[in-house]
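Have a look at the structure below, then the notes.
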Amino acid sequence: MGEELKKTIKDMVVVGKGILAADESVGTATKRLASIGVESTEETRRQYRNVMLTAPEIEKYICGVILFEETLHQKSNNSILFPEVLRKKGIVPGIKVDQGLADFNGSAEQYTKGLEGLRNRLEEYKKAGTRFTKWRAVYSVSENTPSEKLIARNAADLAKYAKICQEHGLVPIVEPEVLIDGTHSIDECYKATEKVLKAVFDSLKKENVMLELSILKPSMVISGKEAQNRAGVDEVAGKTVKCLKATVPAGLPSINFLSGGQTPQEATAHLNRMHTLGEKLPWYISFSYARALQDPALKAWKGREENVPAAQKAFLKRARLNSLATMGKYAEEMEN
Ligand code: 5MM
């Protein structure tokens with residue numbers, strides 16, 4: 001089991017590469033497709049995934065893709081199962097295994113469900129060729145949130161999930177997302193993120209999760225989307241790295257950020273700046289973006305076959321710029 005996990009980490013922690021999150025559940029995929037006026041059906045969702053997953057030379061920038069269950073059993077336009085499309089390109093296929101959000105004790109907060117029946121589902125996902133998993137917990141920032149209770153509950157469940165996945169030879173991606181929605185300041189985001197990450201790593205330790213065989217997918221420390229005087233690139237990069245250094249053990253191999261509603265350019269610039277701060281980073285720092293990699297492609301595609309080359313070009317552009325950002329080699333002029 002250990003060897004299998006080590007090989008997966010080796011294939012997923014590659015300088016200059018990152019992870020594409022293409023694990024939108026049906027509800028989220030439906031919203032994304034609605035934004036370009038396309039009806040969401042099994043077939044349109046397949047066509048949409050096909051744009052990204054068959055983009056020429058995607059493997060130059062992407063080493064892992066998080067899939068949604070439905071996509072595991074769908075085929076590319078060339079009739080090849082998507083996990084196989086990825087495997088052939090040397091990209092590791094992974095799978096979202098949480099089952100979304102549910103009310104938390106009647107409060108305004110939500111916890112993530114999915115532990116029930118997880119072992120059985122993992123057996124199936126492995127048979128379908130996946131080698132890693134992802135579980136996302138969310139926290140909002142306000143005067144009373146995130147609450148201690150939610151922080152403890154999510155930390156415990158993330159650790160149980162990670163442990164079970166490792167027992168099945170699957171590398172767990174642990175995703176605690178402090179949401180960007182709201183008017184909170186960057187310092188309030190820092191406080192919430194620090195508390196959340198501390199609790200997550202305490203729980204992972206308690207469950208004896210092998211940190212060296214796990215990946216963290218956090219949000220950046222950033223001002224709320226509706227905040228006044230939002231922090232700039234230097235402050236976001238500096239405070240994010242400071243917060244991670246204060247909470248994330250050095251034994252973890254890789255931190256792959258989510259984009260969380262940042263614009264594609266912001267997500268790239270922030271990642272790039274973390275690599276040019278001149279600080280020694282004990283882990284590899286990269287991306288695991290969904291929206292920040294896909295949005296320009298979605299807009300270019302508009303659900304039309306004739307737009308596929310333009311959509312793939314837009315997707316590859318973001319993938320390439322983020323790849324450069326993982327090496328601190330991105331510059332704003334490259335956007336033009
Ligand atoms: C693709 O979005 C994923 C969540 O989808 P559901 O809400 O439908 O379950 C999400 O887990 C995603 O992997 C990460 O949050 C990263 O996405 P962003 O858009 O924040 O980079």
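We count ligands from 1, going down the list as the structure has it; atoms in each ligand are counted the same way. Atoms considered below: every heavy atom in the structure, side chains included; atoms not considered: hydrogens, waters and symmetry mates.
Taking distance alone, with nitrogen or oxygen atoms compared against 3.5 Å, G260 approaches ligand 1 more closely than that limit. For a threshold of 3.5 Å applied to N or O pairs, the pair formed by L258 and ligand 1 contains no separation below that value. Considering backbone and side-chain atoms alike, R32 places every N or O at 3.5 Å or more from each N or O of ligand 1. For the pair Y289 and ligand 1, the shortest N or O to N or O distance does not fall below 3.5 Å.
Under the 3.5 Å distance criterion, the side-chain polar atoms of Q312 are left unmatched by any main-chain donor or acceptor of P309. Counting only distance, with no hydrogens or angles, the side chain of K317 and the backbone of E335 share a donor-acceptor pair below 3.5 Å.
In the displayed structure, E332 atom CD is contacted under 6.0 Å by at most 12 heavy atoms of other residues, nucleotides or ligands. Residue-environment remark: NZ (K242) stays at or below the threshold of 12 foreign heavy atoms within 6.0 Å.
The closest protein non-hydrogen atom to atom 19 (O) of ligand 1 is R291 NE, 2.6 Å. Ranking the protein heavy atoms by distance from atom 7 (O) of ligand 1 puts T28 OG1, 3.2 Å first. In this structure, atom 13 (O) of ligand 1 lies nearest to the protein heavy atom K134 NZ, 2.8 Å. The protein heavy atom nearest to atom 15 (O) of ligand 1 is E175 OE2, 2.9 Å. Residue, atom and distance of the protein heavy atom nearest to atom 17 (O) of ligand 1 are A290 CB, 3.2 Å. Scanning the protein heavy atoms around atom 16 (C) of ligand 1, the nearest turns out to be K217 NZ, 3.4 Å.
When each of R131, K126, H168 is paired with E4, the side chain to side chain donor-acceptor pair (under 3.5 Å) condition holds for K126 and for no other.
Contact check on E194 versus K191 returns no salt bridge, with no Lys/Arg side-chain nitrogen under 4.0 Å from an Asp/Glu carboxylate oxygen. The pair R49-E70 does not meet the salt-bridge criterion, since no charged nitrogen lies less than 4.0 angstrom from a carboxylate oxygen. One finds a salt bridge joining E167 and R119 here, because a Lys/Arg side-chain nitrogen approaches an Asp/Glu carboxylate oxygen to under 4.0 Å.
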Could you walk me through whether Y289 and Q262 pass side chain to side chain donor-acceptor pair (under 3.5 Å), step by step? CA-CA 10 Å; Y289 298 155; Q262 299 178 46; 5.8 Å; no
Given the rule in the side chain to side chain contact (heavy atoms under 4.5 Å, CB included) test, do L211 and K205 qualify, once you have shown the distances and angles that lead to the verdict? CA-CA 8 Å; L211 280 192; K205 197 168 162 209; over 6 Å; no
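Of all the heavy atoms of E24, the ones lying under 4.0 Å from any atom of ligand 1 are found in both the backbone and the side chain.
Distances from ligand 1 to the non-hydrogen atoms of D23 include at least one value under 4.0 Å. Put simply, part of K96 is less than 4.0 Å from ligand 1, judged by heavy atoms.
Less than 4.0 angstrom separates some heavy atom of S259 from each of these atoms of ligand 1: 18 (P), 19 (O), 20 (O), 21 (O). Listed by atom number, the atoms of ligand 1 under 4.0 Å from E177 heavy atoms are 15 (O). Listed by number with element, the atoms of ligand 1 under 4.0 Å from a non-hydrogen atom of A21 are 13 (O).
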